[in-house]
Amino acid sequence: MYLDVDYKDNKVMIKDIKNFEPQHIFECGQCFRWDKEEDGSFTGIAYNKVVNVKKIGADVVFRNTAKEDFINIWTKYFDLGTDYSHIKDRISQNDKVMQQAVAFGRGIRILKQEPWETLISFIISSNNNIPRIKRSIELLAEGYGEYLGEFYGKKRYGFPSAEILSNLSIEELKACNTGYRASYIKNTASMVVEAPTALEELKGLEIEACQQKLLGYQGVGPKVAHCILFFCMEKMEAFPVDIWVKRVMEHLYFHKEIPPKVIQQFASEKFGEYAGFAQQYLFYYARESAIGKK
DNA sequence: CCCCAGGCAGTTA
DNA sequence: TAACTGCCTGGG
């Protein structure tokens, strides 16, 4: 993928970028630490760094970052080496439903997120809604994450380490609005502290083995495991079936109720190595247009 | 007031 | 292994 990148002082611009719409990327449900600013840009935190993204015409500007970090961190994080036109063509071949979903979320990119933060974030996501998930994670970061300075008039904090979370009491975790998931967070944090490299090493496993390991962390079931596989373990064939994807696929493909496992099997056969991308376009399309919502 | 939200763990049969 | 049930909590 050729990119026309221009590095300036603490600012990076990519000219005439394809398949990159901040709104789609940050509001398609994959991430919880990106927020819209009043000027329409988005500020996010990853790798204990604060970065701001704004689309200006056909160009995209990354602020608060310079060449070194951009090359070492953000190029991969924003998946800039992947050809999304190719992916979209493949999954929407002979599929009118997917053509619509892809047109709707045309600027989606799957962020390559950090395993530890993703693990905890998606444990928090279970039986929860997005504003509450974001609020919980924010409270954890404000209370126990590294202070990263002020940006856009707001104090910013990194995501707290496994060591720190494992040492919190259940009460302290519950004070971050995590509810009954507090014990899952504490247990999982302790497991990660016990075997610090185990989580990162899961990337090297095949998807089934990787999933089995993830299910070993408390609070991780089939759906959460697939989110983790897709968002930070580079298993792009993963296909999380949540309530929205279940609804939209029943509504648009099956026209009747179907068990999640059957939906997953169907998606795996239909979309193969790109199943996760298909899921993300469908999820965003379904949520934003409330498709299948009774 | 009830219902639901990007499910999971624990218990039964 | 499938079916059930309880669960923090805030908004509709």
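Side chains are part of it too, since the values below use all heavy atoms of this structure and drop only hydrogens, waters and symmetry mates. Letters A, B, ... are given to chains in the order of the sequence lines, protein chains preceding strands, and every chain is numbered from 1.
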Inset, instruction - Give the intermediate values and the outcome of ring-ring contact (aromatic ring centres under 6.0 Å, His included) for residues A:Tyr152 and A:Phe42. - result: CA-CA 10 Å; A:Tyr152 266 74; A:Phe42 286 82; over 10 Å; no
Rounded to the nearest angstrom, tell me the gap between atom [atom1] in [X] and atom [atom2] in [N].
X	N	atom1	atom2	result
A:Arg287	B:dA5	CZ	C1'	9 Å
A:Arg132	C:dG12	CZ	P	13 Å
A:Trp244	B:dC4	CH2	P	13 Å
A:Lys246	B:dG7	NZ	P	11 Å
A:Tyr180	B:dA5	OH	P	13 Å
A:Leu173	C:dT9	CG	P	13 Å
A:Ile243	B:dG7	CD1	C1'	10 Å
A:Ile133	B:dC8	CD1	C1'	14 Å

How is [X] classified with respect to the nucleic acid when contacts are heavy atoms under 4.0 Å: base, sugar-phosphate, or nothing?
X	result
A:Tyr284	nothing
A:Val241	nothing
A:Pro131	nothing
A:Gln280	nothing
A:Ile130	base

Inset, instruction - Kindly say whether, by distance alone, the side chain of A:Tyr184 makes a donor-acceptor pair under 3.5 Å with the base of B:dG7? - result: no
Inset, instruction - Can you check whether any acceptor in the base of C:dC7 is under 3.5 Å from a donor in the side chain of A:Arg181, or vice versa? - result: no
Listed nucleotide nearest any side-chain atom of [X], set [options]:
X	options	result
A:Lys223	C:dC7, B:dC8, C:dT9	B:dC8
A:Gln218	C:dC8, B:dG10, B:dC8	B:dG10
A:Asn127	C:dG10, C:dC7, B:dC4	C:dC7
A:Val224	C:dC7, B:dA5, B:dC8	B:dC8
A:Pro222	B:dC8, B:dG7, C:dG10	B:dC8
A:Asn129	C:dG10, B:dC4, C:dC8	C:dG10

Inset, instruction - Start with the C-alpha distance between A:Phe277 and A:Phe271, add both sets of side-chain angles, then the distance that settles ring-ring contact (aromatic ring centres under 6.0 Å, His included), and finish with yes or no. - result: CA-CA 9 Å; A:Phe277 297 96; A:Phe271 304 116; over 10 Å; no
Legend entry - Residue whose closest nucleotide on DNA chain B lies nearer the 5' end, A:Phe122 versus A:Val220: A:Phe122
Legend entry - Pair A:Lys186, A:Gln218: side-chain N/O donor-acceptor within cut-off below 3.5 Å: no
Legend entry - Between B:dT11 and C:dC8 - P atom distance, rounded Å: 15 Å
Inset, instruction - Give the ring-plane orientation class for A:Tyr147 versus A:Tyr157, where under 30° counts as parallel, over 60° as perpendicular and anything between as tilted. - result: tilted
Inset, instruction - Over 60° means perpendicular and under 30° means parallel, so classify the ring planes of A:Tyr77 and A:Trp74, tilted if in between. - result: perpendicular
Legend entry - Residue that, paired with A:Tyr274, satisfies side-chain contact (heavy atoms from CB on, under 4.5 Å) out of A:Arg90, A:Gln279, A:Glu237: A:Arg90
Inset, instruction - Any strand is fair game: report the nucleotide pairing with B:dA13 by Watson-Crick or G-U wobble, both distances under 3.5 Å, or none. - result: C:dT1
Inset, instruction - Compare side-chain N and O positions of A:Arg135 against OP1 and OP2 of C:dC8 and report whether any pair is under 4.0 Å apart. - result: no
